[in-house]
Amino acid sequence: MLKARLVLNGHFGPLCQVCLRKAGEKAIHDGSITNAQRSLAVIPRYYTGGHYSQQQQPGMLLQPQILNISRYPLTGLTIKQLHTRIPRSGSVNFLIPKSWLAQVGAGANTRSAGTVVRVLTGVGRFLKIRYLMLVGAVGGGAWATQKMDTFKGMFPDVSWTKEYLPDSEQMDKFMQSIKEARKSLSLPEKGWMKNKVESFKRKQEEMLNKKSNMDLSSILSEDSSTKKGVLPLLGMSDKAERTESSKQTKDQQKRLEETRDEMIQIQIRYQKEIDRLEKENKDLKKNLLLKESKGGRKRVMKKSLIDMYSEVLDELAVYDSSYNTQDNLPRVVVVGDQSSGKTSVLEMIARARIFPRGSGEMMTRSPVKVTLSEGPYHIAQFKDSTREFDLSKESELAALRKEVELRMKASVQEGQTVSPECIAMTVKGPGLPRMVLVDLPGIISTVTTKMAPDTKESIKRLVRSYMENPNSIVLCIQDGSLDAERSNVTDLVSQMDPTGRRTIFVLTKVDLAESNLYNPDRIKSILEGQLFPMKALGYFAVVTGRGNQNDSIQTIKDHEENFFRNSRLFKEGVLKPTQMNTQNMSMAVSELFWKMVKESVEQQADAFKATRFNLETEWKNTFPRVRELDRDELFDKARGEILDEIINLSQVTPKEWEDAFTQRLWDKASTHFFENIYLPAAQSQNSGTFNTTVDIRLKQWADAVLPRKCVEVGWDTLHDEFLKFVERDKKSKSHEELFDKLKQTVIETSKSKHMWDSKAEDSLRVIQVNTLEDRSVSDKQQWDSAIRFMEESIRSRLDQTEARLKEMTGPGAREQWLHWKHRTSDHKNRVATKDELQKILNSDKTHKPVIGPDELTTVRRNLQTKGVEVDNEFIKETWYHVYRGSFLKKALSQAQDCRKGFYYYQKGFQDSGLECNDVVLFWRLQRMLQVTSNALRQQVMNNEARRLERIIKDVLEDYGDNKEVLSKLLTGRRVQLAEELKKVRTIQEKLEEFINALNKEK
């Protein structure tokens, strides 16, 4: 039997140990325990096998429990197996952990029996502890080193500021202000929580000492009151225990609330101090920039990482590859139901009200990509504009919102409600998180009458296209003031990201949820990810407004801070401090954004490097000796060729211009001259009537029609000459067929825009009227020239008339025999009609140009006797050409008779028998053509050619700025391949530049 010693085995709080120690000492001192009873153990009821339950950990203050008391003889041989020899009674477990057994005194024999075992056990434990300490130290050091590298990588490169830091005096003033601010802060002293715990412990011990007169020995006694083995832990009665426990619980809750309020106040003071330091930092940056501008030194600012990354995304937005290189770079995609507050969340992150506002209607009609970056001033700027909007001024904010709304409406096609065209803008400001966000249209449940029928599906298709990117971060916005069952976005998010690897959940309008739909368990289940069928990396609760659209961001921020400070959800433990407010949410999103960027950017760069290799290989195999030019470079080359051709117009001589104008003028005016002037005047009976008729008709022609026709001739001739140079270039060896469509389009567009000088027509009218009024042929040379012009004109007109008659009458007898041709029935009718009409002309040499009704009847009857049935229109049509052929032959004969009539012309044709007034008419016409051609030549060389050159340059400038038009005019695999190569090189270079900058920052 061992020497009597008390064994208290179990895990107790500090108060329990004091109570039991006093009870045991008093029991032994009073002798209430016999020698046979002094070997005993006190064991907690719920300890099993020496292990703690999940609710009871070492060092915790135990709640009042029921203890059982047992007595067993302990020997040195059995002490090590004591925990296996204690019997079990009902549901009470009496196993004793070995490590908690108090050392039991024994004789020399029993101590020597366990010496070896105890020594070996101690050595093993000592080696195990050293091993754990060594591994823990090495692992902790590696972890600390890695964490320190991570923190270093989060700081930007500020080495350039060394040159621009203020002098020592300014820095001393700045440091003095920081010290004064630190003194003004009333922060708790170090170790205040530990002191409060020690004070609480001392007060509890004093309370127990005051109750020491109680008979605590009953704990270890074996009287009737302990036969059941059921007593409170502290040795007090059940009623007293419940009263004391309730009082302690209330005191603890009160102290806990006081501590929580105190922590909130400390956090608020810290946040205010951080805001003040950020403001001072912003002022310091402004002073640096102002000092630089005053010094006259211009520093080339390096692009920030986020700006470089945004440029890569802009290039990828317009990249369309046949090799299907996907854009898998991260961006934050903001999705949510309509009016769930997603745009407000983005505005809180950007710290400015930059988006259009509406009450219950759809405002976001197209994706808006917002690049957030740090800067000394809070400004916004569109990608394709140089204007900067000052976000600190309400007027500038209103102008920015108006511009966003106009761009959205312009991007939506007719008959649609939303547009996939992305609007890109950059927002800079001090302290802004660096990331790229895309605000998408809200998901709707019902399509209203003012929407396109496919609006609902179009929005879902657009949202899916952005969420399909495996590296996109989904910022899922859920309205907390509405029933969770009305959510549409959570189902879509769960489909696109079922594991929640890249999703962050944001519950908005928590203030309304607390006041209107307060259900802490439901809100807690939402923020713990147990209510919605989706998973997320993090859950946040935010407040993005008070329902007033005119509130500023600072007002909303103060409202959010005040709400969470007094929120029942926070005081009741539903909301955790790390889950509250927009700032924590934006920091979490920014951290996840850069984490995914670092993980995916190099893989994306490798993909584009492989694409570039494939494109370059295809170019070498398909176009081995052709210079690699993209669409813009090809357009510049074609533009140079077109401008060279317009300059070649200056090489046309004045004589060539005048000959071209004369020929075109006569081609255009000949029909009117013969039909309306010459032919009617030739029917006159004498020279006076002839000349009078000619003068009247020429004057009418010159006043009304001729000047305008001449301007048209000048316009056509100028453009035809330009086209000749373009066509001549097609025959050269260096001709590029790729440019033909572009050149043709430029020529047609310039022709439609080229308007002749309006004053030219009036000046031509004056010149032509004066020229046509002159009837005096001054010399024989002019007379002969007029004769030649008359003969050529009449002969040309006669050839045209005979050709038309031949076409109407069909092939002659010779052609029928030699070329095996035959006449149709219509041809035969024409021949018969022509013969009958020719008989009329032969019988009357001075017949009028119009055939009379009686003559028509006679011709029809004669034809009917021959078996030919024709109508009057058929006869009139044939008469028109037959009569003009006869008239032109007679006029040509008269011109030949007047070759030597100049002498008689000078004598006034007295006693000559010649009628040469026709020659004078053609001389007047010839003079008019020569004068008009000379005037048009001067207008072209002095004004119109230059005007055409300016118009062509303007057309080319417009085409150069319109990428859509160029993509239609310059087409083909050569252009497409060069374009893809250019874009892939640009993207790869920007990615490499970004990766290098990212590695430097690390």
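Starting from 1, each residue takes its place in the sequence as its number.
T971 places no side-chain N or O within 3.5 Å of a backbone atom of S967 that could act as its donor or acceptor partner. Judged purely by atom type and a 3.5 angstrom limit, D729 has no side-chain atom pairing as donor or acceptor with the backbone of F725. A side-chain donor-acceptor contact under 3.5 Å links S385 to the backbone of R387. A distance-only check finds a donor-acceptor pair linking the side chain of Q782 to the backbone of S778 [under 3.5 Å]. Using a distance-only test at 3.5 Å, with no hydrogens or angles considered, no donor-acceptor pair links the side chain of K876 to the main chain of I851. Using modelled atom types, no side-chain atom of R765 and backbone atom of P707 make a donor-acceptor pair closer than 3.5 Å. In terms of modelled atom types and a separation under 3.5 Å, the side chain of E791 and the main chain of R788 share no donor-acceptor contact. When atom types are taken as modelled, the side chain of N962 and the backbone of D958 share no donor-acceptor pair closer than 3.5 angstrom. Within the 3.5 Å criterion, the main-chain N or O of D757 finds a donor-acceptor partner in the side chain of E944. With hydrogens and angles disregarded, a donor-acceptor distance shorter than 3.5 Å links the side chain of S843 to the backbone of K839.
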(request) List the steps and the verdict of salt bridge (Lys or Arg N to Asp or Glu O under 4.0 Å) for D784 and K780. (result) CA-CA 6 Å; D784 295 340; K780 181 70 167 56; 2.6 Å; yes
(request) Take E737 and K730 through the salt bridge (Lys or Arg N to Asp or Glu O under 4.0 Å) test and state the conclusion after the steps. (result) CA-CA 8 Å; E737 294 183 359; K730 292 183 179 181; over 6 Å; no
(request) Applying side chain to side chain donor-acceptor pair (under 3.5 Å), run through T622 and R973 and close with a yes or a no. (result) CA-CA 10 Å; T622 310; R973 183 54 186 164; over 6 Å; no
(request) Check step by step if salt bridge (Lys or Arg N to Asp or Glu O under 4.0 Å) holds for R937 and E656. (result) CA-CA 9 Å; R937 188 264 305 168; E656 292 174 344; over 6 Å; no
(request) Determine, step by step, whether E641 and K743 satisfy the salt bridge (Lys or Arg N to Asp or Glu O under 4.0 Å) criterion, reporting the C-alpha distance in whole Å, the side-chain angles of both residues, the deciding distance to 0.1 Å, and the verdict. (result) CA-CA 9 Å; E641 292 183 3; K743 290 180 178 180; 2.8 Å; yes
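For the pair R884 and Y880, the cation-pi test (distance below 6.0 Å, angle within 45°) is passed. Cation-pi contact between R797 and F673: absent, since separation from the ring centre below 6.0 Å together with deviation from the ring axis within 45° is not met.
In K806, the NZ atom is not crowded: 12 or fewer heavy atoms of neighbouring residues, nucleotides or ligands sit closer than 6.0 Å. Heavy-atom neighbours of K889 NZ from other residues, nucleotides or ligands within 6.0 Å: at or below the threshold of 12. Other residues, nucleotides and ligands contribute only 12 or fewer heavy atoms inside 6.0 Å of the CD atom of Q413. No more than 12 heavy atoms of other residues, nucleotides or ligands shown are found within 6.0 angstrom of CZ on R927. Surrounding CD of Q651 are more than 12 heavy atoms belonging to other residues, nucleotides or ligands, all under 6.0 Å away.
T771 is not listed as a side-chain neighbour of R924, based on a closest heavy-atom distance of 4.5 Å or more. The closest side-chain heavy-atom distance from W879 to V859 is not below 4.5 Å. Considering only heavy atoms from C-beta on, H827 comes within 4.5 Å of P811 through its side chain. In this structure, the side chains of L706 and M928 come closer than 4.5 Å at one or more pairs of heavy atoms. H847 is listed as a side-chain neighbour of E855, based on a closest heavy-atom distance under 4.5 Å. Counting heavy atoms from C-beta outward, H719 and K724 have side chains that stay 4.5 Å or more apart. Annotation: side chain of S785 is in contact with side chain of Q926 (closest heavy-atom distance under 4.5 Å). Residues R664 and S933 are not in side-chain contact: their nearest non-hydrogen atoms beyond the backbone lie 4.5 Å or more apart.
When all heavy atoms of I794 and L888 are compared, the pair lying nearest together is CG2-O, 3.3 Å. Of all non-hydrogen atoms in I952 and S750, the two that sit nearest each other are CG1-CB, 3.7 Å. Of all heavy-atom pairs between I642 and F722, the closest is O-CE1, 4.1 Å. In this structure, E979 and D632 approach most closely via the heavy-atom pair OE2-N, 4.2 Å. Nearest heavy-atom pair across L698 and L772 is O-CD1, 4.0 Å. When all heavy atoms are compared, the tightest approach of C710 to L665 is SG-CD2, 3.5 Å.
To the nearest 0.5 angstrom, K709 atom NZ is 14.5 Å from T932 atom OG1. Between R365 atom CZ and S411 atom OG the span is 10.0 Å, to the nearest 0.5 Å. One distance of note links CD of Q938 with CD of E658; it measures 8.0 Å at 0.5 Å rounding. Going from atom CZ of R775 over to atom CG of D695 covers 4.5 Å, rounded to the nearest 0.5 Å. Annotation: the span from R860 atom CZ to E869 atom CD amounts to 7.5 Å, rounded to 0.5 Å. Residue Q838 holds its CD atom at 12.5 Å from OG1 of T833, rounded to the nearest 0.5 Å.
T689 and N686 are linked by a side-chain donor-acceptor pair at a separation below 3.5 angstrom, with hydrogens and angles left out of the test. Side chains of Q663 and D667: a donor-acceptor N/O pair is present below 3.5 angstrom, by distance only. Judged purely by distance below 3.5 Å, without hydrogens or angles, the side chains of Y959 and T749 pair a donor atom with an acceptor atom. Using a 3.5 Å distance cut-off with no hydrogens or angles, the side chains of T671 and E675 do not pair a donor with an acceptor. With no hydrogens or angles considered, no side-chain donor-acceptor pair links H881 and E807 at under 3.5 Å. Side-chain polar atoms of T662 and Q930 form no donor-acceptor pair below 3.5 angstrom. A side-chain donor-acceptor contact under 3.5 Å links W756 and Q939.
For F887, the ring pair (Phe, Tyr, Trp, His ring centres under 6.0 Å) partners two or more places apart in sequence, or in a different chain, are Y678. Evaluation of the side-chain contact (heavy atoms from CB on, under 4.5 Å) rule for S796 yields Q800 as partners, not counting sequence neighbours. With sequence neighbours excluded, no residue forms a salt bridge (Lys or Arg N to Asp or Glu O under 4.0 Å) with R795. For D384, the salt bridge (Lys or Arg N to Asp or Glu O under 4.0 Å) test picks out R407, with sequence neighbours left out. Judged as a side-chain contact (heavy atoms from CB on, under 4.5 Å), and not counting sequence neighbours, the contacts of D835 are V831. A search for salt bridge (Lys or Arg N to Asp or Glu O under 4.0 Å) contacts involving R950 returns nothing, not counting sequence neighbours.
Paired with R631 under the rule side chain to side chain contact (heavy atoms under 4.5 Å, CB included), one option of D636, L969, L970 passes, and it is L970.
The distance between the ring centers of W923 and F789 does not fall below 6.0 angstrom.
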